[in-house]
Amino acid sequence: MLTLHDTATGDVAPLRLRTPGRVSLYVCGPTVDGVPHLGHGRMSLVFDVLRRYLLFTGLDVTYVSNVTDIEDKIIDRAAAQGIDIAEFTATNEALWWEIMDALGVLRPDETPHATAYVDRMIDLVADLVGRGVAYETSDGVYLSVMDVPGYGLLARQPLDSLRAGARVEADEEKRSPLDFVLWKKAKTGEPSWEAPWGAGRPGWHTECVVMSLDLLGEGFELHGGGIDLMFPHHENERAQAVATGREFARHWMHNGWVTMDGEKMSKSLGNFTSLADLLARNDARAYRLLVLRSHYRSPIEVTPDTIADAESGLARLDEVGRRFDLPDLLASGPVVDPGAAGDGSGPAAQPADVDAEAVARFRARMDDDLDTPGALATVFDLVRQANAAADAGDEPGSRRAAATVALLCAALGLRFRSDEGSEVDEASAELVRLRDEARAAKDWARADALRGELESAGWSVEDGPTGTRIRRQ
RNA sequence: GGCGGCGUGGCCGAGUGGUUUAGGCAGGGGCCUGCAAAGCCCCGUACGGCGGUUCGAUUCCGCCCGCCGCCUCCA
């Protein structure tokens, strides 16, 4: 069974399922106020890997991730560009999904939008006001955090400590500087919805409580997101659920930063690289591999060097894919461990063509708080085994190791490069023919010249027992 | 001020109280090859500093140094 670090307790603990065999995840998605950057990519990849792994172990997974499509920066930027808010958010959201697809991130089962849940958010705010834990001021409605038991759980600090360090500017009307806005009263010209406290829009922290509880129900298994959401966003979501007496997420998971020169990458610092830029320069799979190579809670440094490093590793996997003509197991969706017991409790017997012991090692690493670096070590061990066995003429052994590589890569959402784009044009095929002739005639000078021509045309040249083989570099 | 994380061999990056190594990339040597490429084999003997506990610590404890983060919007 999978264990995960729980932000609420600081411990690594098994996921506690409401219903055996089923698990529900809510992951905070993007605010569509601009282009997605590497940080969004890491978050999406980390949770995509988690989701795929849960599926791999035979669990029935429901994955919900929201889109925040109403928010201050959205309003400002749409206005600055002189376009309609709905058009602005639709454009950004389309880009988001395009990039997620390119990264091989599975679409969520549900993608609730904040603007579609305003009525229910108003209901929640009214409920909180009715319970006396929320109050109205001249500019909005606020939740009184002092009235929420256990506030500070996710920040892992007591309320007093948080209050002492509060950097928010004083607001005379707020009971505590930590009180956060549930409903923002609209200023002229701002988009708004009618509510008992006047026209306005919901505060950011309210949408996720409403949408997660609505779509997944009370006590859903896991709530996740980037570590920057731990406090105050997730703290405040939880506070609202607690204040209304509802059981919220059972488990909290947060992934670490992407850093640039050691500093966190973020919209506010402006030091971000967009995913579109990354994908224009690098194989999308390289970013997945880069993310998998470090633990999800550690910061990762993304530089041209670390990405190039990942691409080299990818080439090694691709070579195995080619050498053993491995199938693209992801072509028909996420893969399930053929030996999975069905309730995620552990591996059962594997088919004879898979190395069951290696799969068990892989799963043991993954079950230990998603130790993807350890899991990858298993995969690369198998790569070496497959090649070594093939070199030694052990056909069944090499096939088995290679098939296991394919299975485990698929479990992680890593696909082997297809040979698309590698069709050999007539001119290049002719060069290959000439080169084979030259080699047969032991005309090495000519053979080397032809290799040079092919290489400068972007081909990688390999001589094998059956003659020259070329592929795209 | 409060709270938290990290410091591993050239680079990235796991892990562990002691018996043989994580793994990847780069590098060196070898096999293979006409030469290469790919692949395989071998190699580096690393755990910030100072103390402590211990038969023994990179792994536990304390202190120190350095880096980073959270307490405001942020994946």
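Heavy-atom basis, side chains included; hydrogens, waters and symmetry copies ignored. Note that the structure is a prediction, hence the values are computed from the model and not measured.
- Spacing of P atoms, B:C47 relative to B:U58, comes out at 8 Å, to the nearest Å.
- In this structure, the salt bridge (charged side-chain N to carboxylate O under 4.0 Å, His left out) partners of A:K185, at least two apart in sequence or on a different chain, are A:E136.
- The residue A:R446 sits apart from the nucleic acid: no heavy atom pair falls under 4.0 Å.
- At a threshold of 4.0 angstrom between heavy atoms, the contacts of A:V258 include nucleobase atoms, whether or not backbone atoms are also involved.
- A:R469 has its CZ atom 17 Å from the P atom of B:U33, to the nearest Å.
- Listed candidates were B:G34, B:A26, B:A22. Nearest to the side chain of A:A377 is B:A22.
- In this structure, A:R51 is positioned above the aromatic face of A:Y63, its NZ or CZ under 6.0 Å from the six-membered ring centre and within 45° of the axis.
- Counting any heavy atom pair closer than 4.0 Å across all strands shown, A:H254 reaches no nucleic acid atom.
- In this structure, A:I99 atom CD1 and B:A75 atom P are separated by 14 Å, rounded to whole Å.
- Distance A:W444 CH2 to B:G34 P: 6 Å, rounded to the nearest Å.
- For A:H5 and A:H254, the ring centers are positioned 6.0 Å apart or more.
- When rounded to the nearest whole Å, the span between CG of A:L408 and P of B:G23 equals 17 Å.
- The stacking criteria are not both satisfied for A:F380 over the base of B:G23, which would need a centre-to-centre distance under 5.5 angstrom and an angle between ring planes under 30 degrees.
- In this structure, A:L382 places its CG atom 13 Å from P of B:C40, rounding to the nearest Å.
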Watson-Crick and G-U pairing of RNA chain B, under 3.5 Å, as dot-bracket with | and [ ]: (((((((..(((.....[....))).(((((.......)))))....(((((..]....))))))))))))....
Contact list (N/O, under 3.5 angstrom) for nucleotides 67-72 of chain B vs protein:
from, atom 1, to, atom 2, distance (Å)
B:C70, OP1, A:K264, NZ, 2.3
B:C71, OP2, A:R167, NH2, 2.7
B:C71, O2', A:L162, O, 3.2
B:U72, OP1, A:R167, N, 2.8

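- Between A:C208 and A:E237 the shortest side-chain heavy-atom distance falls below 4.5 Å.
- Considering only residues two or more places apart in sequence or on other chains, A:D391 meets the salt bridge (charged side-chain N to carboxylate O under 4.0 Å, His left out) condition with A:R323.
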Under 3.5 Å between N/O atoms: give me all the protein pairs with nucleotides 5-12 of chain B, atom names plus distance.
from, atom 1, to, atom 2, distance (Å)
B:C12, O2', A:R293, NH2, 3.2

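- Across the protein-nucleic acid pair, A:N387 atom CG and B:A38 atom P stand 12 Å apart, rounded to whole Å.
- Residue A:R365 contributes atom CZ, which lies 10 Å from atom C1' of B:A22 at whole-angstrom precision.
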What pairs of nitrogen or oxygen atoms, one from the protein and one from nucleotides 41-43 of chain B, lie under 3.5 Å apart?
from, atom 1, to, atom 2, distance (Å)
B:C41, OP1, A:R384, NH1, 3.3

Verdict with reasoning, A:T259 to A:E301, per side chain to side chain donor-acceptor pair (under 3.5 Å): CA-CA 5 Å; A:T259 60; A:E301 180 78 15; 2.6 Å; yes
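- If you check the side chains of A:T137 and A:D139, you find a donor sitting under 3.5 Å from an acceptor.
- Inter-residue side-chain proximity for A:L317 and A:R415 is flagged as unmet; no heavy-atom pair is nearer than 4.5 Å.
- Side-chain contact, A:H234 with A:H223: a donor N or O sits under 3.5 Å from an acceptor N or O.
- The aromatic rings of A:H205 and A:F180 stand perpendicular to each other, their planes meeting at an angle above 60°, with 30° marking the opposite boundary.
- In this structure, CZ of A:R323 is placed 13 Å from P of B:A38, rounded to the nearest angstrom.
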